[in-house]
Amino acid sequence: MTSLPDIHRLQGTADLLPAESFQWAEAERVIRATMFRFGFGEIRFPVLEPTELFARGTGASTDIVQKEMYTLVDRGGRSLTLRPEGTPSVVRAYLEENLGSQRPVWKLFYLGPMFRAERPQKGRYRQFHQFGAEMIGAASPESDVELIALARTILHDLGLTGLRLQLNSIGSPAARHDHSEKLRAFLRQPDVYAKIDEDCRRRMETNPLRVFDCKNEECIRIMRHAPTIDQFLTAEDQDHFARVRSGLESLGISYELDPRMVRGLDYYTRTTFEFKTDLLGAQDTVCGGGRYDLLVETFGGPATPAVGFASGIERILAAAQEAGASQGTLPRLDVFVGALGDQARALIPSILARLRGLGFSADSDFLGRGLKAQMKEANRLAARLVLIVGDDEITRGQFTLRRMDEGGQAEIPADLAQWNKETFA
RNA sequence: GUGGGUGUAGCUCAGCUGGUUAGAGCACCAGGUUGUGGCCCUGGGGGCCAAGGGUUCAAAUCCCUUCACCCACCCCA
């Protein structure tokens with residue numbers, strides 16, 4: 001089985017072999033292409049960051065910071081953390097590279113691995129991969145709409161259909177704080193408290209908004225009468241939200257209002273959104289995002305509004321597969337060189353070099369096997385052509401070129417210099 | 001961190017209430033075609049049945065422990 005009995009892939013991580021990594025490369029290509037079409041440029045930032053970046057950026061009260069970070073101490077005694085999400089790093093770079101003074105608005109995207117020390121399950125991994133986009137410097141409702149449209153376009157381009165867009169506005173931190181307090185007060189009323197279940201009594205203290213998510217029918221009934229966030233939004237918040245909604249409508253993007261939608265990160269303000277699928281089981285959010293108008297300030301920068309989203313590649317690929325989206329297959333090999341005999345085998349390197357120089361993908365057998373085995377190998381590689389080089393061919397000065405789809409064979413000159421693209425078309 | 005499920009060949013799995021050398025399909029290798037793939041036929045290599053302990057004349061099968069993986073809760077991509 002294994003010759004490394006004590007060395008294993010870490011829980012919640014994966015090895016991707018060529019058949020699968022090819023799907024990934026395709027997805028990444030699509031993501032970048034669409035990002036560029038929307039005018040977003042790629043930012044690459046470190047996988048390892050100071051722990052304080054996330055403690056302050058993601059938020060000390062979040063589950064991510066409280067129990068899900070891979071944190072280590074380096075030799076200098078510094079606390080470092082494998083990035084659990086991208087947004088704080090983008091904001092750090094924005095400030096560190098002094099981007100705000102160069103242009104009023106920055107549109108950046110990223111793509112890469114993130115790390116969270118959670119118990120793995122379907123659609124949840126300890127090393128997973130996200131792409132995300134951030135527009136920093138714009139406060140307009142149209143920028144919210146632009147980001148939602150961007151996310152939706154990429155998801156569509158990746159073959160995902162039937163997604164539900166859920167939308168909410170959570171106002172300012174002050175409004176949320178107000179709301180939470182009122183919610184607690186509501187839940188503490190004896191006649192209410194008596195009816196909610198144990199989980200919700202716990203949630204009431206830790207995160208009262210979560211009670212809205214309870215699946216218990218009694219809790220759902222009671223929560224219909226609970227105060228919702230929209231009652232705490234300012235007139236400006238409400239106006240912003242109304243303009244986001246009308247912007248989406250003018251684009252024909254349908255959405256569901258979900259006043260109970262809670263996002264797990266501290267920095268969101270006003271608009272929040274999620275794209276969900278019903279193809280994945282419990283972990284059904286494929287993309288989540290929102291506005292974070294105060295985050296730049298919390299790092300000591302100037303008041304700078306921003307909006308962004310992040311999306312999980314594993315979940316997207318799983319959902320696309322579930323939806324029966326066409327899966328790209330590895331490209332076919334153009335020419336397989338089948339050689340027989342020492343004299344012919346000695347020619348393989350220069351033949352391969354010539355074919356590759358002409359722009360063809362070319363491969364050969366390096367085991368010195370018989371022609372039959374080499375033909376099987378060529379078939380496995382889905383080769384279009386097999387160039388057969390044996391003693392006969394060398395004495396005749398003509399190589400045999402077999403077309404694998406039709407089965408026909410032809411002769412081509414043994415002189416490599418006479419070959420051109422048409423020879424192997 | 002909590003709950004449930006599953007661990008038998010590279011992969012997907014069978015092996016019922018314990019009984020002689022542990023099976024199938026696929027994959028891999030070889031032969032049928034001493035220089036020709038995909039289909040077919042024949043043969044072959046591969047398993048300390050997750051690990052450790054226990055019960056028994058006898059354990060892949062029953063019991064215990066550990067480990068791993070999966071699903072779910074919490075939360076999120």
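Chain identifiers are assigned alphabetically (A, B, ...) following the order of the sequence lines, protein sequences preceding nucleic acid strands; residue numbering begins at 1 within each chain. Keep in mind that what you see is a predicted model, and the values were worked out from it rather than measured.
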> Relative to A:Tyr268, does A:Arg270 satisfy both conditions: NZ or CZ under 6.0 angstrom from the six-membered ring centre, and within 45 degrees of the ring's axis?
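Pair A:Arg270/A:Tyr268 does not count as cation-pi.
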> Taking atom C1' in both B:U61 and B:U20, what distance in whole Å separates the two?
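Those two atoms are separated by 16 Å.
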> Of all the choices, B:C74, B:A77, B:G3, which nucleotide is nearest to the side chain of A:Gln283 once you look at every atom?
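Between B:C74, B:A77, B:G3, the one nearest the side chain of A:Gln283 would be B:C74.
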> Taking CZ from A:Arg83 and C1' from B:A77, how many angstroms apart are they, rounded to a whole number?
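For the pair A:Arg83 CZ and B:A77 C1', the rounded distance is 14 Å.
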> Scan A:Ala310 against the nucleic acid and name what it touches under 4.0 Å (heavy atoms): base, sugar-phosphate only, or nothing.
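Contact class for A:Ala310: sugar-phosphate only.
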> Using purine N1 to pyrimidine N3 plus N6-O4 or O6-N4 for Watson-Crick, or N1-O2 and O6-N3 for G-U wobble, both under 3.5 Å, which nucleotide pairs with B:U17?
none
> Write down the distance separating the C1' atoms in B:U33 and B:G38, rounded off to the nearest Å.
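Comparing C1' positions in B:U33 and B:G38 gives a spacing of 15 Å.
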> Considering only atom C1', compute the distance from B:A51 to B:C39 and round it to an integer number of Å.
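Taking atom C1' in both B:A51 and B:C39, they lie 44 Å apart.
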> Taking atom C1' in both B:C48 and B:U21, compute the distance separating them and give it to the nearest angstrom.
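That atom pair is separated by 16 Å.
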> Mind calculating the distance between CG (A:Asp284) and P (B:C75) to the nearest angstrom?
14 Å
> Work out how far the C1' atom of B:C62 is from that of B:G19, and round it to whole angstrom.
14 Å
> Please classify the nucleic acid contact of A:Glu118 as base, sugar-phosphate, or nothing, using heavy-atom distances under 4.0 Å.
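It contacts base atoms.
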> Considering only atom P, compute the distance from B:A27 to B:U12 and round it to an integer number of Å.
15 Å
> From C-beta outward on A:Met375, which listed nucleotide comes closest to its side chain: B:U36, B:A77, B:C70?
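Selected nucleotide (nearest to the side chain): B:U36.
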> What integer number of Å spans the C1' atoms of B:C73 and B:C11?
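Straight-line distance between the two C1' atoms is 32 Å.
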> Could you say whether A:Val389 or A:Phe128 is positioned toward the 5' end of RNA chain B, judged by the nucleotide with the nearest heavy atom to each?
A:Val389
> Which part of the nucleic acid, if any, lies within contact of A:Glu393, taking any heavy atom under 4.0 Å across all strands shown: a base, the sugar-phosphate backbone alone, or nothing?
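Base contact.
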> Hunt down the Watson-Crick or G-U wobble partner of B:G44, both distances under 3.5 Å, from any strand shown, or write none.
B:C28
> On the nucleotide B:C71, are OP1 or OP2 found under 4.0 Å from the side-chain N or O atoms that A:Gln121 carries?
no
> Is the A:Phe36-A:Phe109 ring centre distance short of 6.0 angstrom?
yes
> Distance between the P atoms of B:C41 and B:A22, in whole angstroms?
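It works out to 27 Å between them.
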> Atom CZ of A:Arg119 and atom P of B:C70: how far apart are they, to the nearest Å?
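Rounded to whole Å, this separation is 11 Å.
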> Flag yes if more than 12 heavy atoms outside A:Glu26 fall under 6.0 Å of its CD atom; otherwise flag no.
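Yes, enclosed.
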> Starting at CZ of A:Arg56, measure out to CG of A:Leu295 and round the result to the nearest 0.5 Å.
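If we round to the nearest 0.5 Å, A:Arg56:CZ and A:Leu295:CG are 10.0 Å apart.
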> To the nearest Å, how far apart are A:Phe115 CZ and B:A77 P?
16 Å
> So which nucleotide does B:C62 pair with, by the Watson-Crick or G-U wobble rule with both distances under 3.5 Å?
B:G54
> Distance criterion of 3.5 Å, no angle test: do you see the side chain of A:Gln409 paired donor-to-acceptor with the base of B:U36?
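Donor-acceptor pair under 3.5 Å: yes.
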> With both distances under 3.5 angstrom, what nucleotide forms a Watson-Crick or G-U wobble pair with B:U2?
B:A72
> Are A:Glu314 and A:Arg124 close enough for a salt bridge, meaning some N to O gap below 4.0 Å?
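Result for this pair is no, no salt bridge flagged.
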> Once you apply the 3.5 Å cut-off to both distances, tell me the Watson-Crick or G-U wobble partner of B:G38, or none.
none
> Return the value, rounded to whole Å, for the distance between atom CG of A:Leu340 and atom C1' of B:G35.
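Going from CG in A:Leu340 over to C1' in B:G35 covers 5 Å.
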> With under 30° as parallel and over 60° as perpendicular, where do the rings of A:Phe232 and A:His179 fit, or are they tilted in between?
tilted
> Once hydrogens and angles are ignored, does a donor-acceptor distance under 3.5 Å link the base of B:G37 to the side chain of A:Asn379?
yes
> Carefully, step by step, assess A:Gln166 and A:Phe273 under the rule side chain to side chain contact (heavy atoms under 4.5 Å, CB included).
CA-CA 5 Å; A:Gln166 301 191 324; A:Phe273 62 91; over 6 Å; no
> Measuring from the side chain of A:Lys122 (C-beta onward, heavy atoms only), which nucleotide among B:U2, B:G37, B:C71 has the closest atom?
B:C71
> Have a look at A:Ile313 and say if it touches a base, only the backbone sugar-phosphate, or nothing, with a 4.0 Å heavy-atom cut-off.
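Counting heavy atoms under 4.0 Å across all strands, no contact is made by A:Ile313.
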> Hey, does A:Glu314 reach any base, or is it just sugar-phosphate, or nothing, if we go heavy atoms under 4.0 Å?
nothing
> The side chain of A:Arg315 is closest to which nucleotide in this list: B:U36, B:C73, B:A77?
B:A77
> Take atom CD of A:Glu68 and atom C1' of B:C73, then tell me their distance rounded to the nearest Å.
14 Å
> Closer than 4.0 angstrom, basic N to acidic O: yes or no for A:Asp334 and A:Arg356?
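So A:Asp334 does not pair with A:Arg356 through a salt bridge.
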> Reading nucleotides 25-34 of chain B from the 5' end, what letters show protein touch, with B for base, S for backbone sugar-phosphate only, - for no heavy atom under 4.0 Å?
---SSS-B--
> Going by purine N1 to pyrimidine N3 plus the second Watson-Crick contact, or the G-U wobble pair, all under 3.5 Å, which nucleotide sits opposite B:A77?
none
> Taking only residues two or more places apart in sequence, or in another chain, which ones meet A:Asp266 in a salt bridge (charged side-chain N to carboxylate O under 4.0 Å, His left out)?
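So A:Asp266 forms no salt bridge (charged side-chain N to carboxylate O under 4.0 Å, His left out) with any residue.
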> Does B:C67 pair with anything, Watson-Crick or G-U wobble, both distances under 3.5 Å, and if so, with which nucleotide?
B:G7
> Select base, sugar-phosphate, or nothing to describe what A:Gly132 touches, counting heavy atoms under 4.0 Å on all strands.
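Here A:Gly132 touches no strand at all.
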> Less than 4.0 angstrom from a charged side-chain N to a carboxylate O is my criterion; do A:Glu96 and A:Arg92 meet it?
yes
> Relative to the 5' end of RNA chain B, which residue comes earlier, A:Gly123 or A:Arg402, by the nucleotide with the nearest heavy atom?
A:Arg402
